[in-house]
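Quick caveat, the model's predicted, so the values are computed rather than measured. Order of the sequence lines sets the chain letters (A, B, ...), proteins ahead of strands, with each chain counted from 1.
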2 protein chains.
Amino acid sequence: MTAGHTLVREQGVTAPEGFRAAGIAAGIKASGKPDLALVFNEGPDYAAAGVFTSNQVKAAPVQWSRQVLTSGRLRAVILNSGGANACTGPGGFGDTHATAEAVAAALSAWGTETGAIEVAVCSTGLIGDRLPMDKLLSGVTEVVQAMAGGLAGGEDAARAIMTTDTVPKQVALHHKDSWTLGGMAKGAGMMAPSLATMLVVLTTDAKVDAAALEGALRRAAALTFDRLDVDGSCSTNDTVLLLSSGASEFTPSRDELDAAVLAVCDDLCAQLQADAEGVTKRVAITVTGAPDDSDALVAARIVARDSLVKTALFGSDPNWGRVLAAIGMVPFTIEPDRITVSFNGSPVFSAGMPMPGAREVDLSAADIEVTVELDIGVGQATVRTTDLSHAYVEENSAYSS
Amino acid sequence: MTAGHTLVREQGVTAPEGFRAAGIAAGIKASGKPDLALVFNEGPDYAAAGVFTSNQVKAAPVQWSRQVLTSGRLRAVILNSGGANACTGPGGFGDTHATAEAVAAALSAWGTETGAIEVAVCSTGLIGDRLPMDKLLSGVTEVVQAMAGGLAGGEDAARAIMTTDTVPKQVALHHKDSWTLGGMAKGAGMMAPSLATMLVVLTTDAKVDAAALEGALRRAAALTFDRLDVDGSCSTNDTVLLLSSGASEFTPSRDELDAAVLAVCDDLCAQLQADAEGVTKRVAITVTGAPDDSDALVAARIVARDSLVKTALFGSDPNWGRVLAAIGMVPFTIEPDRITVSFNGSPVFSAGMPMPGAREVDLSAADIEVTVELDIGVGQATVRTTDLSHAYVEENSAYSS
């Protein structure tokens, strides 16, 4: 993004000073794989911000975490895979509350006086089942002990939040001014994730207040996670949190903070896209020349969600007619004869007609760029998506998830 | 729908008096299968109405047919499969015009003085290629001869418009008052068809004017084809035409005409759904208790287009959480705790919580009903859709279409 920092895909949330993390197998998942993660902020600051799913059906942990974040302050985040705790009624909300209380109690017993309202909760997995609270509460004790053991468990935490993910996703940005921003993620989307949920926790040792964190996070999420659209579906549990410890004692400028948060979100987004369910193609849909940027985003999203476009790309078929048919459904007025469609930089349709060689463009590689120039304004936007493959259908039909 | 008529799935457009039809192989399709159809109105009346795709990218034949229908009068409809003639520029529009001229000339030569502006043109197939006009124009002469041969070629016409359809689709409604309404269809949707295009031609010998036809057709299409949503994509070529010959000399009441057109459209719609690409499940999504009917339609469409819902149904998985996640994205305010979701009549989620046995509902049969009661108003709507199967992915990725 900008000079002055380096990105490495290791350590994640424990790369910045002042953070500890752990991940364990608490027995929530029937498979016995890791399913409970803790991220702990040792301070001296505890500023925090979050963005959440726009779905009106919000899981209990989302309702809880939105509420506690109104204080702009977090000591810890507890995350479980193996169950979304969504659509579980007042009992499910009680389970989330009890989890936060248990984390607060365990941290207090360890010597860090913590209240439940300083603990965010994230859950991911199948919608509609209550969590096995006996296992979860025993797990809380265990995960606090693992965290207290002193190892920088960023990768363990990143593994414990995986569901259909095949690899843990983490990144750390080291700034030349000796502050660091780290993050971990799971899932495959934000406004429109694939199966279940996108969960992201970002940490920094920069000395910044909650308002600055909030501004940087909203801006970055709008340009990254909000523009990753795997299948147009939207989870009940999506959560992105950003915590600062202030341990570096350095306060970056707003521009520096914004750029760092954007760079880390962008990298995590690319990791999510590359590991999306059933993906065989990483596709970027760019619309230019729209009336404004928001129109361009709407248009790019329509193309990115079109099943006929996505199946054609799975087949490496430069079927540009399907792109035009999708674009024709945008909710603002276009002039079809002014449109130029390109695949991987090769124009295939322009001035109302196909270009020579339009059916011969090579789309056999894993990365595909689709560009639609509308030529009616200056608005532009890019949406990342994937193809629609047999593996996607298989993963989403063969078992409840 | 109402008493007083019977529906039979034969004859189609040639069931009413005053109509002839034919279908031939003109060599437009590389496979050599039938690809050119003609529907001819012998009169004495020539009233006609049409509805067309809402896509802003409109194929040349749609542009032509909308124009000629402003007169409310049609002598003939020529339809080709094997090429959509969409996104083909001024040359493609010229091809459509030349086709109408050729039909008019051939009909005039046969003894029925006809102008090109009395001929509607419909095309279906791959977007972006020019039609082989030498073959098409020879075909026009041949199809007029076949029609003139005197056989009631409704089924031949229905076969000649097929693309990925596996069976021809036709129906005839015989009214007790001795008038008849017939129709043929191809494709798999209207506002949101699957591959390529939905084309429908309806004919009647009732004595009714173009305004009555238009009213009946718009009303019926809005309740049937507009609510068939296979994959959310929308064609550049969708066309539904209704022609009357007046040959029965009987003028039904508006209610009778409306009911008959609705019944025929509804039946053709069911045939399109049953033969949709890759279908293994015929799914009806009903939303009730919405603020109004249009809100209910929007909500039903969102569920019907959700890839995670559709893959779950392919797997016969009563994954009601995905239905709730989809409903949570509606653009009006809902109250999640008031929602009841049912599969095949069995409530699976109510009052914010799962119902006992919710994961055990049997969805193994080919017909699945999903009902979402929002409990905030009296609006309701049903959208027909299909599952998202391996066969859908295969048909839409393995070759250009």
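The shortest non-hydrogen separation linking C87(A) to L324(B) is SG-CD1, 3.4 Å. Across all their heavy atoms, V330(A) and Q56(B) have their closest contact at O-NE2, 3.1 Å. Between G328(A) and V57(B) the shortest heavy-atom distance is CA-CG2, 3.7 Å. Considering every non-hydrogen atom in both G321(A) and I127(B), the closest pair reads O-CD1, 3.3 Å. Of all non-hydrogen atoms in S54(A) and M329(B), the two that sit nearest each other are OG-CE, 3.9 Å.
In this structure, the separation between OG1 on T236(B) and CZ on R322(A) is 12.0 Å, given to the nearest 0.5 Å.
Comparing A59(A), P354(A), P90(A) by how many heavy-atom pairs each has under 4.5 Å with chain B, the most go to P354(A).
For F332(B), the part lying near chain A is the backbone, with the side chain staying farther off; criterion is any non-hydrogen pair under 4.5 Å. Contact annotation for V348(A): neither backbone nor side-chain heavy atoms come within less than 4.5 Å of a heavy atom of chain B.
Among residues two or more places apart in sequence or in another chain, the side chain to side chain donor-acceptor pair (under 3.5 Å) test is passed with R130(B) by D95(B).
Between R305(A) and S307(B) the shortest side-chain heavy-atom distance does not fall below 4.5 Å.
Annotation: residues 333-341 of chain A contacts chain B through T333(A), I334(A), P336(A) [non-hydrogen atoms, separation under 4.5 Å].
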